[in-house]
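Before anything else, here's the structure in question.
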Amino acid sequence: MKSEAEVILKKGQGRLLKSGGAWIFDNEIAEVRGAYGNGGLVSVRDFDGYPMGTGFINRNSKIRVRMLTRDPQEEIDTEFFRRRLAAAWEYRKHTVDTSCCRVVFGEADFLPGFTVDKYGDVLVVESLALGIDRYKEELTGLLREILLADGIRIRGVYERSDAKERLKEGMERKKGFLSGEFDTLVPITENGVRYLVDVENGQKTGFFLDQKYNRLAIQRMAKDAEVLDCFTHTGSFALNAAYAGARSVLAVDASESALAMARKNAELNGFSNVDFRCADVLDFLPEELEAGHRYDLVILDPPAFAKARSNVKNAERGYRDINRRGMMLVRPGGFFATCSCSHFMTRELFENMLRQAAREAHVRLRQVEARAQSPDHPVLWNADETYYLKFYIFQIC
């Protein structure tokens, strides 16, 4: 596959690209020389003609070019994609439990806009960029071959390209089978806990694999503890606490459908020490404080409060409010786990918010761990979009 045209950067632009990022924005381009189609390959040059590599172009998107390679001589063909996928899989084999993991993480694996999650013998594919969307079935086929060479037979592939981001690329949202049909409630085991993952209707691709080792980390604090898990969704943190031998676990979420799956997962494991309550956590926390209830371990795993840079200030207030109340619900000497999955809520902003919440709650925080997303969601330094999850465990003093 040859590039169709040549993108020339403005003088002084392309700073993100030059520092290790993968994106070129529309306002960084001086001109495009030659004819091209949206989603097609283009070569990229700096203002002085210096070659900078090859990527996909899409004039529907503010992210005008997504880079595939920095080598201007590298051919973008089947073998190129095979090398990229093989490298992604080899990395996972060295860093995570691969029974369930993210096999491809977009830009961090140098396949922009393309994500693949593996749930046992099922793959779930998400394609969010027009250029890569053209090759999703070829990429999936190549990945199945790579896994088969390691003795892993994939029985089915489901597409979950139904995120709103596709609209920004000029694409429709879609989901459905990329293989023969199969039962979309897929059984998995993670950290010793069994789950049913709804790959058809669950959030994202069905399960939040990025919290795998954060869930494992709270098991040490959960033994013999009274635990409160807020924004439990399908119960993953709550079930890890129950598995670790918590005296009792109360798991709260506003979605009754998510809790229905959480209850199924609890039954699947035979846990009798966990209860689920449908409630808005923003209302539930002050009610618990008013009632005088306290816990040995409180976990906050909220959805992204800041989905755009313009929302950060309001998000910071929301995070501070729930964290202040969460801290106040912990018995002295107990533990508090909290996180943010918003890319725009930076580590610095999140830590400053926690300090302020602790002052308002009149507690001191003794840090146990500062963590991020699991290694199968690698952070590519200088590509800020790959780092999003901040996770902290504190002792409340």
| task | Hey, could you give me the CZ/CD1 distance between Arg83 and Ile146, rounded to the nearest 0.5 Å? | result |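 One gets 11.5 Å once the value is rounded to the nearest 0.5 Å.
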| request: Answer yes if the side chains of Thr78 and Glu138 hold a donor-acceptor pair under 3.5 Å, and no otherwise. | output: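 There is such a pair (donor and acceptor under 3.5 Å, judged by atom type) between the side chains of Thr78 and Glu138.
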| field | Criterion side chain to side chain contact (heavy atoms under 4.5 Å, CB included) on Leu196 and Val186, from CA distance to verdict | value | CA-CA 5 Å; Leu196 287 174; Val186 180; over 6 Å; no
| query | If you measure from the Lys or Arg side-chain nitrogens to the Asp or Glu carboxylate oxygens, is any gap between Arg15 and Glu28 under 4.0 Å? | reply |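 Salt bridge: no.
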| message | For Lys164, I'd like to know if atom NZ has over 12 heavy atoms of other residues, nucleotides or ligands within 6.0 Å. | response |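 No, because the 6.0 Å sphere around NZ of Lys164 holds 12 heavy atoms or fewer from other groups.
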| task | List the steps, then state whether side-chain hydrogen bond (donor to acceptor under 3.5 Å, both in side chains) holds for Asn323 with Arg320. | result | CA-CA 5 Å; Asn323 278 273; Arg320 189 173 71 246; over 6 Å; no
| field | Test side-chain contact (heavy atoms from CB on, under 4.5 Å) applied to Asn265 and Leu239, Val274, Val193, the passing residue | value |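 Exactly one option meets the side-chain contact (heavy atoms from CB on, under 4.5 Å) with Asn265, and it is Leu239.
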| query | Mind checking whether Phe231 and Phe237 have ring centres under 6.0 Å apart? | reply |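 For Phe231 and Phe237, the ring centres are not under 6.0 Å apart.
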| task | Kindly check if the number of other-residue, nucleotide or ligand heavy atoms within 6.0 Å of CZ (Arg173) is above 12? | result |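 Yes, because the 6.0 Å sphere around CZ of Arg173 holds more than 12 heavy atoms from other groups.
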| task | Taking all non-hydrogen atoms of both residues into account, name the closest pair between Gln219 and Asn191 and its distance. | result |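 So the two residues come closest at NE2-O, 3.5 Å.
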| request: Find out whether Met67 and Phe110 are in side-chain contact, i.e. whether some heavy atom of one side chain is under 4.5 Å from a heavy atom of the other. | output: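 The answer is no, as the side chains (C-beta and beyond) never meet within the 4.5 Å cut-off.
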| query | Above 12 or not: heavy atoms from other molecules or residues under 6.0 Å from CD of Glu31? | reply |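 More than 12 heavy atoms, drawn from other residues, nucleotides or ligands, come within 6.0 Å of this atom.
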| message | Does atom CZ (Arg247) have a neighbourhood of more than 12 heavy atoms from anything else shown, all under 6.0 Å? | response |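 Correct, the count exceeds 12.
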| Does Lys390 make a cation-pi contact with Tyr387, if we ask for NZ or CZ under 6.0 Å from the ring centre and within 45° of the axis? |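 Pair Lys390/Tyr387 counts as cation-pi.
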| query | Is the shortest heavy-atom distance from the side chain of Glu190 to the side chain of Arg215 under 4.5 Å? | reply |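 Yes, at least one pair of side-chain atoms sits under 4.5 Å.
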| query | Of the options Asp117, Asp210, Val116, which is the one that meets Arg102 in a side-chain contact (heavy atoms from CB on, under 4.5 Å)? | reply |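 Only one option passes, and that is Asp117.
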| query | Within a radius of less than 6.0 Å around OH of Tyr243, do more than 12 heavy atoms belonging to other residues, nucleotides or ligands occur? | reply |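 Atom OH in Tyr243 is not packed in, count stays at 12 or less.
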| said: Between Tyr135 and Phe81 (judged by ring centroids, cut-off 6.0 Å), do the two rings come close enough to count as a pair? | reply: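 Judged by ring-centre distance (under 6.0 Å), Tyr135 and Phe81 do meet the cut-off.
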| request: Inspect the surroundings of CD in Glu348 and state if more than 12 heavy atoms from other residues, nucleotides or ligands are less than 6.0 Å away. | output: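 Not more than 12 within 6.0 Å, no.
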| said: Measuring only between side-chain heavy atoms, which start at C-beta, is Leu185 closer than 4.5 Å to Glu200? | reply: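 Contact flag for Leu185/Glu200 side chains = no.
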| query | Is the Trp23 ring parallel, tilted or perpendicular to the Phe25 ring (thresholds 30°, 60°)? | reply |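 Plane angle over 60°, so perpendicular.
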| said: When you compare the side chain of Phe350 with that of Thr338, does any pair of heavy atoms fall below 4.5 Å? | reply: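 Yes - at least one pair of side-chain heavy atoms lies under 4.5 Å apart.
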| task | Verify the neighbour count for atom NZ of Lys264: are there more than 12 heavy atoms of other residues, nucleotides or ligands below 6.0 Å? | result |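 Incorrect, the count does not exceed 12.
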| query | Under 30°, 30 to 60°, or over 60°: which ring-plane class applies to Phe177 and Tyr158, parallel, tilted or perpendicular? | reply |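 Plane angle over 60°, so perpendicular.
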| message | Any heavy-atom pair between the side chains of Tyr119 and Thr205 that's under 4.5 Å? | response |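 When only atoms from C-beta onward are counted, Tyr119 and Thr205 do touch, with a gap below 4.5 Å.
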| said: What I want to check is whether the side chains of Arg371 and Asn214 have a donor and an acceptor closer together than 3.5 Å. | reply: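 The answer is yes; a qualifying pair exists.
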| task | Side-chain contact test, heavy atoms from C-beta onward, threshold under 4.5 Å: evaluate it for Ile396 versus Phe335 and give yes or no. | result |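 Side-chain contact under 4.5 Å: no.
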| Side chains of Tyr295 and Val330: closer than 4.5 Å at any heavy-atom pair? |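 No, every pair of side-chain atoms sits at 4.5 Å or beyond.
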| Ser342 side chain to Ser340 side chain, donor-acceptor N/O pair below 3.5 angstrom |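 Result is no, nothing qualifies.
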| said: Heavy-atom count check: over 12 atoms from other residues, nucleotides or ligands less than 6.0 Å from Lys174 NZ? | reply: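 Counting other residues, nucleotides and ligands, NZ of Lys174 stays at 12 neighbours or fewer.
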| Using a distance-only test with no angle check, is there a side-chain donor-acceptor pair under 3.5 angstrom linking Glu126 and Ser161? |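 Result is no, nothing qualifies.
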